[in-house]
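Throughout, numbering of the chain's residues begins at 1 and tracks the sequence.
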Amino acid sequence: MDIVFVNSMYFQELHTTDLGSIILQNRLDKDIESIIINFDRLIREDKLKLPDSCDEIWDMYANYIERFTPRIVQFYTVCLTYPFSILVAKRLKKTMKDVIIIFGGPQVSAAPYDSLEKYDFLDVVGIGEGEPYFNSLIKALLASEDISKIPGIAYRNKLGKIIVNENPIGFDFTKDYSADYMRHDYGREFSYFHSHSTENEYSIDLQIEAGRGCPFNCTFCSTSIFWERKCRLKEQRVLVEEISEFQRTYSYEYYSLDHDMFTTNRKYIIDFCDLIIRKGCNWKWKCSSRIDTIDLDLIKLMKKANCYGIYVGIETGSQSMQYVLRKNLNVSGLSDKIKKIIDEGIVLTTSFIYGFYDETEKDFLETINLIEQCFIMKVNTIQLHKYFPLTNTVEGEKVKGSLALDLEKCDLSIAFNYQVLTSEVVDLLQKDPDSFLCFYDFATEVRRKYNRMDFLVSCFSGLYFVFSRTINFLIINYGLQEIYLSCEKIISHYANELQSRSILDSFYRKNEVNLFHNTMKEIVDYFLSGCEKGNLYLQEINKFDENIYLYMTCGFETEMVFKLQCNIFDNMWNTNPTYYKIYRAGGKLYVERLAKE
């Protein structure tokens with residue numbers, strides 16, 4: 001094998017093959033033999049078994065790559081999986097001394113010289129977008145030819161000196177596009193999600209690259225650094241035809257358009273939507289947006305053109321923090337805009353971040369207030385992330401001098417794979433904090449007092465599809481701050497349980513939902529400990545939600561009848577019991593109030 005591409009190793013069931021690897025593979029001459037290895041896919045398709053001990057994972061992965069006897073191995077690096085790539089690559093170099101190791105992706109692009117200086121097993125670093133130089137680089141390496149004139153790479157010369165060649169200026173991927181998904185049979189990968197899903201368990205959408213780059217300059221984000229704030233979008237005709245070809249080949253209905261800021265150019269979006277409508281396309285799509293780039297007219301047009309989902313990063317509900325982070329959204333208009341999106345029937349995801357260096361408790365509670373409004377407005381998915389620093393960002397520089405490695409306080413995106421952070425990984429993190437800032441914590445009042453508020457919001461959002469009545473009652477009557485401070489021991493216990501799960505348990509998403517459900521039960525029990533009528537009403541609506549959850553998760557097919565002391569649909573307390581029926585029809589679940597016992 002000439003070259004093996006190694007995907008980012010997330011240890012998550014839902015992780016798909018990196019689009020960057022597919023694109024680079026398709027830049028290669030046809031006579032260059034290559035393969036992409038996605039370990040997460042191999043595990044979920046039972047083609048590879050995780051070992052009992054996490055310490056054995058890195059050897060197992062390296063041994064698997066060795067089977068192909070590659071001459072070159074290329075790793076795609078991102079911050080959360082960077083240490084895993086290092087450990088696997090190090091093992092490969094030890095057993096295959098002549099193999100050439102290349103690192104590419106956002107993580108090493110931020111510090112190519114440092115990466116080569118720190119890791120002697122690393123031979124070449126690809127900087128930024130690889131399309132302009134990648135094929136030339138691989139051909140030269142395979143032929144043992146000089147690579148000193150190839151732009152966009154860092155390497156060691158024959159004297160051991162590290163050389164950094166700047167990336168070429170002016171590359172426009174939209175004019176030279178090569179993501180031949182069909183060659184990779186990318187669509188077949190998504191057949192797993194279709195065969196292992198229900199309507200509420202997974203978001204089944206096939207990822208298509210729509211563009212690159214973000215023109216904004218948020219202080220916490222590394223995306224604009226990697227793409228140099230150059231926002232580019234595929235030509236509408238090309239994008240529409242690409243998705244239509246997928247639908248003809250695989251019959252998939254839902255597509256995720258991969259771009260950090262798809263709605264930046266209003267005219268582009270209008271023309272894109274008009275083209276979809278004019279062609280009568282029946283596939284559906286979702287995208288990421290900046291909420292102040294869309295208005296009601298555009299939302300309506302996007303909905304008419306089959307847009308079913310929008311992801312917006314709001315980050316903070318504090319106007320002062322909006323300015324500090326250079327996000328610069330007008331907080332006062334956010335709730336109205338969110339409501340307009342929901343009223344049009346578009347599935348909305350709102351993302352928030354807390355725990356910034358400059359954030360006060362007042363700032364944080366303003367964010368929590370906006371999150372509460374999102375729950376009450378029935379936003380489909382609400383994310384709250386604990387901020388982690390990134391290399392070469394303004395926010396990262398602020399905390400560099402006050403970092404400590406405390407993995408129990410890290411963001412949940414790291415905690416989900418806590419068992420993979422073996423002693424060897426921890427040793428790597430401790431020796432090189434500058435390369436692994438995202439794993440480090442720092443102390444602020446907000447981070448100390450609300451250490452696992454991210455877990456509470458994840459729990460409520462993850463269960464909202466069933467427990468919306470219970471969650472909204474708790475939020476309206478108590479608020480997220482009181483819920484968290486009153487139930488902090490419960491929340492911390494289950495957050496720790498999340499970290500203590502086996503690697504196999506953490507790999508599958510359904511186990512996460514079960515853990516959220518146990519958390520919810522204990523929180524409700526806490527607030528049911530009183531005897532006030534409000535608690536009794538909470539008891540009844542929670543019983544209603546629990547019956548639906550039981551019916552869904554246990555796979556009942558026959559109807560289920562139960563009684564409550566309240567009228568759920570009219571929010572009324574009744575003297576006489578009210579009876580309800582749950583049943584399935586046409587693949588959907590229905591709940592009816594019965595007129596008679």
Can you label the angle between the F103 ring and the Y82 ring as parallel, tilted or perpendicular, going by 30° and 60°?
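Geometry flag for Y82 against F103: perpendicular rings.
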Mind checking whether F5 and F134 have parallel, tilted or perpendicular rings, split at 30° and 60°?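 Tilted.
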Check whether any side-chain heavy atom of [X] lies under 4.5 Å from a side-chain heavy atom of [Y], and answer yes or no.
{"X": "R41", "Y": "E45", "value": "yes"}
{"X": "E209", "Y": "L257", "value": "no"}
{"X": "T219", "Y": "T393", "value": "no"}
{"X": "F220", "Y": "L390", "value": "no"}
{"X": "Y464", "Y": "V379", "value": "no"}
{"X": "L28", "Y": "K139", "value": "no"}
{"X": "M60", "Y": "L48", "value": "yes"}
{"X": "H385", "Y": "S351", "value": "yes"}

Q.
Any salt bridge linking R44 with D40? Criterion: basic side-chain nitrogen under 4.0 Å from a carboxylate oxygen.
A. no
[X] side chain vs [Y] backbone, donor-acceptor pair below 3.5 Å:
{"X": "T77", "Y": "G104", "result": "yes"}
{"X": "Y133", "Y": "I127", "result": "yes"}
{"X": "N265", "Y": "K267", "result": "yes"}
{"X": "W285", "Y": "G309", "result": "no"}
{"X": "Y268", "Y": "K234", "result": "yes"}
{"X": "R91", "Y": "V88", "result": "no"}
{"X": "H259", "Y": "R232", "result": "yes"}
{"X": "S256", "Y": "K286", "result": "no"}
{"X": "Y255", "Y": "Y252", "result": "yes"}
{"X": "D2", "Y": "E33", "result": "yes"}

Nearest-0.5 Å distance, [atom1] of residue [X] to [atom2] of residue [Y]:
{"X": "Y387", "Y": "C438", "atom1": "OH", "atom2": "SG", "value": "10.5 Å"}
{"X": "N380", "Y": "I310", "atom1": "CG", "atom2": "CD1", "value": "12.5 Å"}
{"X": "I382", "Y": "M377", "atom1": "CD1", "atom2": "CE", "value": "8.5 Å"}
{"X": "I314", "Y": "Q383", "atom1": "CD1", "atom2": "CD", "value": "11.0 Å"}
{"X": "T16", "Y": "L206", "atom1": "OG1", "atom2": "CG", "value": "8.0 Å"}
{"X": "D343", "Y": "I338", "atom1": "CG", "atom2": "CD1", "value": "11.5 Å"}

Next on the checklist: Apply side chain to side chain contact (heavy atoms under 4.5 Å, CB included) to residues Y155 and V164 and explain how you reach the verdict.
Outcome noted: CA-CA 7 Å; Y155 66 99; V164 178; over 6 Å; no
Start with the C-alpha distance between S85 and V6, add both sets of side-chain angles, then the distance that settles side chain to side chain contact (heavy atoms under 4.5 Å, CB included), and finish with yes or no.
CA-CA 8 Å; S85 298; V6 181; over 6 Å; no
If you take all heavy atoms of [X] and [Y], which pair is closest and at what distance?
{"X": "I22", "Y": "N26", "result": "O-ND2, 2.7 Å"}
{"X": "I147", "Y": "A140", "result": "CG2-CB, 3.8 Å"}
{"X": "S8", "Y": "D18", "result": "N-OD2, 3.1 Å"}

Sub-6.0 Å ring centroid separation between [X] and [Y]:
{"X": "F460", "Y": "F516", "result": "no"}
{"X": "Y549", "Y": "H517", "result": "yes"}
{"X": "Y61", "Y": "F39", "result": "yes"}
{"X": "F11", "Y": "F84", "result": "yes"}

*asked:* Surrounding NZ of K284 (heavy atoms of other residues, nucleotides or ligands, distance under 6.0 Å), is the total greater than 12?
replied: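 Buried by this count: over 12 neighbours within 6.0 Å.
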**Stepwise side-chain hydrogen bond (donor to acceptor under 3.5 Å, both in side chains) test for T17 and N7** = CA-CA 6 Å; T17 302; N7 220 52; 4.9 Å; no
Side chains of residues 65-73: which donor-acceptor pairs under 3.5 Å do they make with residues two or more places apart or in other chains?
residue	atom	partner	partner atom	Å
E66	OE2	T95	OG1	2.6
R71	NH2	L142	O	2.6

Are [X] and [Y] linked by a side-chain donor-acceptor pair shorter than 3.5 Å?
{"X": "H15", "Y": "E13", "result": "no"}
{"X": "D274", "Y": "Q236", "result": "no"}
{"X": "Y308", "Y": "D205", "result": "yes"}
{"X": "Q25", "Y": "S34", "result": "yes"}
{"X": "S244", "Y": "W283", "result": "yes"}

For V457 and F352, run side chain to side chain contact (heavy atoms under 4.5 Å, CB included): C-alpha distance rounded to whole Å, both residues' side-chain angles, the deciding distance at 0.1 Å, then the answer. CA-CA 10 Å; V457 172; F352 298 87; over 6 Å; no
Q247 and N282: side-chain hydrogen bond (donor to acceptor under 3.5 Å, both in side chains), yes or no, with the steps? CA-CA 9 Å; Q247 189 185 39; N282 59 2; 2.8 Å; yes
Using atom types as modelled, flag every donor-acceptor pair under 3.5 Å from a side chain in residues 287-301 to any protein atom, sequence neighbours excluded.
residue	atom	partner	partner atom	Å
S289	OG	T263	OG1	2.7
R290	NE	D292	OD1	2.8
R290	NE	D292	OD2	3.2
R290	NH1	K327	O	3.1
R290	NH2	D292	OD2	3.3
R290	NH2	K327	O	2.5
T293	OG1	T263	OG1	2.7
T293	OG1	R290	O	2.6
D295	OD1	R266	NH1	3.4
D295	OD1	R266	NH2	3.3
D295	OD1	D297	N	3.3
D295	OD1	L298	N	2.9
D295	OD2	R266	NH1	3.1
D295	OD2	R266	NH2	3.2
K300	NZ	E344	OE2	3.1

For K90, the salt bridge (Lys or Arg N to Asp or Glu O under 4.0 Å) test, sequence neighbours excluded, returns none
Might you work through the salt bridge (charged side-chain N to carboxylate O under 4.0 Å, His left out) test for E129 and R27, ending with a clear yes or no?
-> CA-CA 12 Å; E129 293 170 278; R27 299 297 290 192; over 6 Å; no
Salt bridge (charged side-chain N to carboxylate O under 4.0 Å, His left out) assessment of E241 paired with R248: CA-CA 10 Å; E241 179 53 37; R248 287 190 291 268; 2.5 Å; yes
